[in-house]
2 protein chains.
Amino acid sequence: MSIAEKPILSMRQQICETVRAEVFAGQMTNDQPVREQPLAERFGVSRGSVRDALLQLSQEGVLVYSPNRGVRVSSPPSDTEFRLYAKLRKEIEGHCLDVCMDQLTEEDDRNLTNLLATLEDSCRRGDLSKITETDLAMHRYWVSRASTELESVWLSITVRMLIAYTLLEDYMQCYQEHAAIVEAIVRRDLKTAKRAMNENIRYK
Amino acid sequence: MSIAEKPILSMRQQICETVRAEVFAGQMTNDQPVREQPLAERFGVSRGSVRDALLQLSQEGVLVYSPNRGVRVSSPPSDTEFRLYAKLRKEIEGHCLDVCMDQLTEEDDRNLTNLLATLEDSCRRGDLSKITETDLAMHRYWVSRASTELESVWLSITVRMLIAYTLLEDYMQCYQEHAAIVEAIVRRDLKTAKRAMNENIRYK
DNA sequence: CAACTTCGAATTGTTAACAATCAGACAATA
DNA sequence: TATTGTCTGATTGTTAACAATTCGAAGTTG
């Protein structure tokens, strides 16, 4: 994404992105409360903005909220729920590929290729939190290109799956799978792209 | 639900429920902004609580939020998105019936039967906003019994479908369909309940 | 007359102080 | 000992004032 069109994220969005990434990086253990005051000091803002962000992350499913008791990191879903989420994700992402495939530009191709390069690097280094972040960003890319409405639904499903992201057995396989998706997208080969995407979103 | 266990809704939840119902009742036209101050005065609270509620409704998909410009009622989804939402809803509600069928109590049966009676009355009177409200409450019932996590995902999908709820062709058919679902549930007949539910969640 | 600039009212964004609530420690009691 | 009640510090919930931003209505200029 070029600098000129980089959107200026609101304070709330910044906090959301940061905290969400840290949850996926495992830097926040579940069942341990996430306090407002420390986060406010860290970001140099007041509790109000932090509250907004934590509320949004609760709606997303990254955190769970208890009245008068604050928020904590969500627990992983059960196996049956995980499988349901995987199924829903496949249908949403398949729909999004249908919609956006024809309207992708060469810049989109470049952005996806760059994300793929970042993913490859992260996989080689074995940087799990960066892998998760980039994986999320790639899938999010074609979803957001199709529909911002769907993006919100998709995110709330996907974050619940990622809470369960403990360990990959094979980093390079993760890269290979995404390479196959991106390659098919760049060729505008819808059928192959969808098949590759379906294989990547696996049951546990 | 007995009085003893009726949960005391937080201010935010109260505002959410009320505004959401009014959006579905068509009392708020889309593309017209929803202002914070009037709502705050109406509920007798400060803007902060209203902000929280509007933010939550934006996450849900009932409202759309623009930075520095407030929120407005969402626009109906496209036909293809509507069909996708319907598909996702069927899978979620089917899963929820699977999960909760065995653990429903006689009190649940009574609650569902009461909701059905309310729906019948609303359909006879042709009170569209009440029909929508009760319809939502019934489906929500078995979803919430299965999983509060899924309830949140389900709601964000379902509200987007209901934004498109303009007119039913036949009120009593709506009642009949729900009667079939509840009857099967009370008999703990999973297969019939799921089939009836699938028929009720129709494409446009 | 069309395009641009400036200004101000309306609205949202942010903050800090205050109120309400909760969890845990500790003491009193049967 | 197990239970209950009470206190206290920590945390969230709410509020009202202030800051920043938007948008439209004027006015200005070519």
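Residue numbers begin at 1 in each chain, while the letters A, B, ... track the order of the sequences.
- Residue-to-nucleotide contacts include a donor-acceptor pair under 3.5 Å from the side chain of B/R47 to the base of C/dG13.
- Remark: B/D98 engages B/K194 in a salt bridge, criterion side-chain N to carboxylate O under 4.0 Å.
- The phosphate of C/dG13 (OP1 or OP2) has no side-chain N or O of A/R12 nearer than 4.0 angstrom.
- Both cation-pi conditions hold for B/R145 and B/Y141: the charged atom is under 6.0 angstrom from the six-membered ring centre and inside a 45 degree cone around its axis.
- Using a 4.0 Å heavy-atom distance criterion, A/V34 is classed as a sugar-phosphate-only contact.
- Rounded to whole Å, the distance from CZ on B/R51 to P on D/dG13 is 16 Å.
- Across the protein-nucleic acid pair, A/E36 atom CD and C/dT15 atom P stand 14 Å apart, rounded to whole Å.
- Among the atoms of the strands shown, base atoms are found under 4.0 Å from some heavy atom of A/G48.
- You'll find that the side chain of B/R35 is closest to C/dT12, out of D/dT15, C/dT12, D/dT12.
- If you check C/dT15, D/dT14, D/dT12 against the side chain of A/V45, the one that comes closest is C/dT15.
- Residues A/Q32 and A/T29 bring a donor and an acceptor atom of their side chains to less than 3.5 Å of each other.
- Across the protein-nucleic acid pair, B/L54 atom CG and C/dG13 atom C1' stand 14 Å apart, rounded to whole Å.
- Regarding B/Q32, its CD atom lies at a distance of 15 Å from the C1' atom of C/dT11, rounded to whole Å.
- B/M11 places its CE atom 15 Å from the P atom of C/dA20, with the value rounded to the nearest Å.
- Comparing D/dT15, C/dT21, C/dT12 by their closest approach to the side chain of B/N68 singles out C/dT12.
- Looking only at side-chain heavy atoms (C-beta outward), A/R160 and B/V153 come within less than 4.5 Å of each other.
- Contact between the side-chain N/O atoms of B/S49 and the OP1/OP2 oxygens of D/dT15 is found at a separation under 4.0 Å.
- To the nearest angstrom, C1' of D/dT11 lies 13 Å from CD of A/E41.
- Nucleotide D/dT15 holds its C1' atom 18 Å from the CZ atom of B/F43, rounded to whole Å.
- Set against D/dC23, C/dC22, D/dT12, the side chain of A/R69 has C/dC22 as its closest nucleotide.
- Classification of A/R124 and A/E120 as a salt-bridged pair holds, one side-chain N sitting under 4.0 Å from a carboxylate O.
- Listed pair A/Y65 / D/dT11 fails the phosphate criterion, with no side-chain N or O lying under 4.0 Å from OP1 or OP2.
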